[in-house]
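Structure, as C-alpha cells:
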Amino acid sequence: MSVQFVVPGSKSVSRPPSVAAYLVDRTFFFIAALGALIIIALVAYILWEIGGQALPAIRTSGAKFLINTGWDAQRGNFGILPQIWGTLYSSLLALAIGGFIGITIAIFLTQDFLPPRIAVIFRTLIEMLAAIPSVVFGLWGIFVVIPFVRPGANWLFEHAGFIPFFGSSLSGPGLLPAVIVLSIMILPTVAAISQDAIGLVPYKIKEAAYGMGATRWEAILKVIVPTASGGIFSALVLGFGRALGETMALAMLIGNSNQISLSLFSPANTLAALLASNFPEAAQPERQALMYAALVLLAITLVVNVFGTLILIWTSQKVAKA
Amino acid sequence: MSLSLKKLAAVLAAGTGLFGLVDAPIAASGVEIHGAGSTFAAPLYEKWMAAFEAAQPSISLHYDAVGSGEGVARFRAGAADFGASDAPLPATDASTVDRGVVQVPSTAGMIVLAYNLPGVQGQLKLPQDVYVDIFLGKIRTWDDPRILEANTDLDLPSTNIALIGRRESSGTTYALTSHLAAVSPSWREEGPGVGKLVEWPNVAMLARGNEGVAAKIKLSEGSIGYVEYGFAKRLGLPAAALENKDGQYVVPSEDAGAAALAASAGHGLDEHGLDGLPASLTNPPGPHTYPIVTYSWLLLHERYPAAQAQAVASFVSWALEDGQR
C-alpha cells in the first residue's frame, strides 16, 4: 500500500464536486424535502377537509356531542360518549392482554430460550399474524372465539354476576370477543418492536449482570427489560394506536350497541366501528356528526401518541440518570 | 313468503292508469332498469326479476337491497329508476318529485319477532305490553316475571335479552313502530315514536337490513329482533306468538298474515291517502289475525323516457299479474 504525499503545487486529492455530483446532491435534497412536505400537507389537508365538513355539527352540538349518549339520526341528536368509552375500554383491555403476551414472547425469543433458528421461525410466524386481513379476524372471532368463550362467560355471569365486570350475559357479539381478537391483532406489532428493543441491549450488560451473580430471571427482569424499556414502551404505544383505529373486526364483533357498561360481556361500540357502519347511507346532519366523530378519533390518537412520546422521553432520561 | 295481493294490487294499479302504458310493444334493444330499496321485499323482487328477465331477455333489471329509506332517496335523486319501500311516500313528499310518483303495492308480509333461545323448547308467547317494553329496553332479562307469566310452560334462562334493531332507514322499522305506537301510548308519546329510523334503546345491537338482523339473531344467544317472516324462516329462527287485538296469541303463518290483510282490506288505503298506514293495518282485529303486517310499495315515476317507460310498465304489470302466483 503506497502512501500518497501531497506536494504543494501538485494536483490535490480533494477537489470541488463535479457538476453531476452537485446536481445529484441537490436533487436528492429537494426530493427528500418534497416528500416530507407532502406528508405534512396531507395531514393538514385531511384535518382541514374533515374539520370543514364537521364544522356545522361542531357549531350545533359543540361539547355536548362528547357527553351525549344517543345517536338519533331521525331527530338529529348525536352523542358519542358510548363510542369514546368503548374505544378506550376495548383498546386498553386489548393492550393489557396483547401487550403482556407480546413482551413475554419478545423475551422468550431473544433470551436464548430457543435455538436461534427456531426462534427465527417463531418470529416469522408471529409477524405473519400482521398479514391476516382484518375481516378474516372478524370471521374467526364470530365462528371460533364467540362459541368458545360464551359458556365460560355465562357461567361467570350466573355465579359472579354481582361483580360489575361480569354483570351481563354474553349473547354473542360483545366486548370480550372483540378484546380477545383485538389483542391478537396488536400482538405482532408489540412483539416485533419489543424484540428489536431487547435485541439492542448490549451483550456486555447482560454479561455484567451474570458476572455480578444475577440469576437468569433477575438479569432479564431487573437489567435487560428496564434497559430496553424505552423501545418496549414505544411498542405498546404503537399497539395501542392500532387498537384505537381498528375497524372491521370490531364492527363485526363488538355488537354495535351504544351503551356504557363495565361488563365485559355486554355489546358496545367504538368510534371506528361507528364510522364504518354508519357512513355508507348517512344523510346530511348525520354525515357532519360522523365527521365530528372522526375528528374526535383523530384527536384521541394524537393525544395518545404525544403522551406516549412524552413518557418515553421522561423514562429514557430517568434510565440515563440512573 | 309473499301473501297474494293480486286483487288489491291490480285495483290500485288500474286506478293509477298504469296499465294504460302496457299495451305498447316492448322495445327490442337492451334496456336497463335499476331499482333500489326495501330489503323486506328483496328476496321476492330478486325472484321476480330473474323470472322476468328469462321471459324478456331484452330488458335487464338490477335491484339494490339498501333499505327503504335509501331506496326512496335514490329514487328521488334519479339514481334509481324505481324505488321500493315498505313505508308509503307521504303525499307532501310525493308532490316534490320532478317526474311525479305512482305508488303500487307489490307485496305484503308479516314482521315477526324472531328469537334465539337455545335449549328452550316450545313456543314463546309475548303479550302486547311485554314486547313493547322489550323494544323500549324496560324488560331486560328473559326470566322477567311478565314474560314468565305468559310462558308458564317454558324454562326461560336468566340471561339478558339481546335486543337487535335496524341501523339504517327502513320500511320494516316503520311498520313495526307504527304497530308499537298503535298499541302503546308510552311508545307513541315518550318512546321512539313512529319512523323509518328511530332511536333504539342504547342496549340494542344494531344491524343493517333484514338479512343483517336475521344473521345477528342467529349469531347471538338470547337475542330477539324483528324481520320479515321469510328471513326468519330461511335461517330456521323461531318467531314469537304475539298477542293480537282480540287478546289471542297468534303464531306467524301465511294464513294468519292473510287474515290480517283481509281485516284491513276495504279500509281503503286510498281514502286515507298514503300519509300513514291505516289504523286497521297497524293493529288488525280478528281472532286468528297476526298483529304486525305491512305492504311493500313500488315507487314509480309518472313519466319515463320512452324505452324505459315500456320496460318499467311491462315489468310492473308482469309482477302484479304473473308475479303474484
Side-chain angles (χ1 to χ4, degrees), chain A residues 68-79 81-83 85-86 139 141-143 146-147 150-151 153-155 157-159 161 167-174 177 251-261 263 265-269 273-274 276-284 286, chain B residues 36 64 66-74 76-77 115-118 137 140-143 157-170 173-174 177 192-209 212-213 215-225:
Chain A
N68 278 357
T69 55
W71 188 272
D72 185 351
Q74 182 96 328
R75 293 175 192 153
N77 294 327
F78 301 107
L81 190 61
Q83 286 85 355
W85 164 258
L139 286 174
I142 286 178
F143 292 113
I146 288 178
R150 186 157 45 197
N154 286 336
W155 186 87
F157 164 67
E158 241 171 74
H159 295 91
S168 66
S169 58
L170 180 71
S171 80
M252 294 166 79
L253 286 170
I254 203 159
N256 308 307
S257 151
N258 302 333
Q259 60 179 323
I260 300 176
S261 164
S263 170
F265 307 144
S266 59
N269 208 351
L274 172 82
S277 29
N278 282 37
F279 241 112
E281 280 141 26
Q284 210 25 277
E286 190 180 10
Chain B
D64 292 328
V66 287
S68 299
E70 176 72 8
V72 171
R74 289 194 192 175
R76 297 178 65 104
Y115 60 92
N116 178 355
L117 283 170
R140 297 288 311 278
T141 56
W142 283 109
D143 59 352
S158 62
T159 52
N160 292 101
I161 296 176
L163 181 63
I164 296 167
R166 277 285 280 276
R167 171 196 304 291
E168 88 286 19
S169 179
S170 147
T173 305
Y174 180 81
T177 53
V194 176
K196 285 194 276 192
L197 186 62
V198 297
E199 188 188 11
W200 295 110
N202 279 343
V203 292
M205 295 198 269
L206 303 178
R208 178 184 304 282
V213 173
K216 209 149 206 168
I217 296 170
K218 182 99 180 159
L219 174 69
S220 314
E221 287 179 6
S223 59
I224 189 166

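Below, read A as the first sequence line, B as the second, and so on, with proteins coming before strands; counting in each chain starts at 1. From a predicted model like this one, the values you see are computed outputs, not experimental measurements.
Rounding to the nearest 0.5 Å places CG of A/Leu274 at 7.5 Å from CZ of B/Arg167. From A/Asn278, atom CG reaches atom CG of B/Leu206 across 8.0 Å, with rounding to the nearest 0.5 Å.
The parts of B/Thr159 that come within reach of chain A are both its backbone and its side chain, each placing non-hydrogen atoms under 4.5 angstrom from that chain. With a 4.5 angstrom heavy-atom cutoff, B/Pro157 does not touch chain A via any of its atoms. Proximity to chain A is limited to the backbone of B/Lys196, based on heavy atoms less than 4.5 angstrom apart. Both the backbone and the side chain of A/Ser277 come within less than 4.5 Å of a heavy atom of chain B.
Note on B/Lys216, B/Arg140, B/Arg208: by heavy-atom pairs under 4.5 Å with chain A, the leading option is B/Arg208.
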Practice prompt. Check the pair B/Asn160, A/Phe157 against side-chain contact (heavy atoms from CB on, under 4.5 Å), reporting the backbone distance first and the verdict last.
Written response: CA-CA 10 Å; B/Asn160 292 101; A/Phe157 164 67; 4.1 Å; yes
Worksheet item: What do the steps show when you test B/Val203 against A/Gln259 for side-chain contact (heavy atoms from CB on, under 4.5 Å), and what is the final call?
Response: CA-CA 6 Å; B/Val203 292; A/Gln259 60 179 323; 3.5 Å; yes
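When the shell of 6.0 Å around CZ of A/Phe279 is examined, it contains more than 12 heavy atoms from other residues, nucleotides or ligands.
With hydrogens and angles disregarded, no donor-acceptor distance shorter than 3.5 Å links the side chain of A/Ser171 to the backbone of B/Gly222. Side-chain atoms of A/Ser169 never come within 3.5 Å of backbone atoms of B/Ser158 as a donor-acceptor pair (strictly under, hydrogens ignored).
Between A/Arg150 and B/Glu221, at least one side-chain nitrogen of the basic residue sits less than 4.0 Å from a carboxylate oxygen of the acidic one, meeting the salt-bridge criterion.
Taking 4.5 Å as the limit, some side-chain heavy atom of A/Pro173 sits within range of a side-chain heavy atom of B/Leu219.
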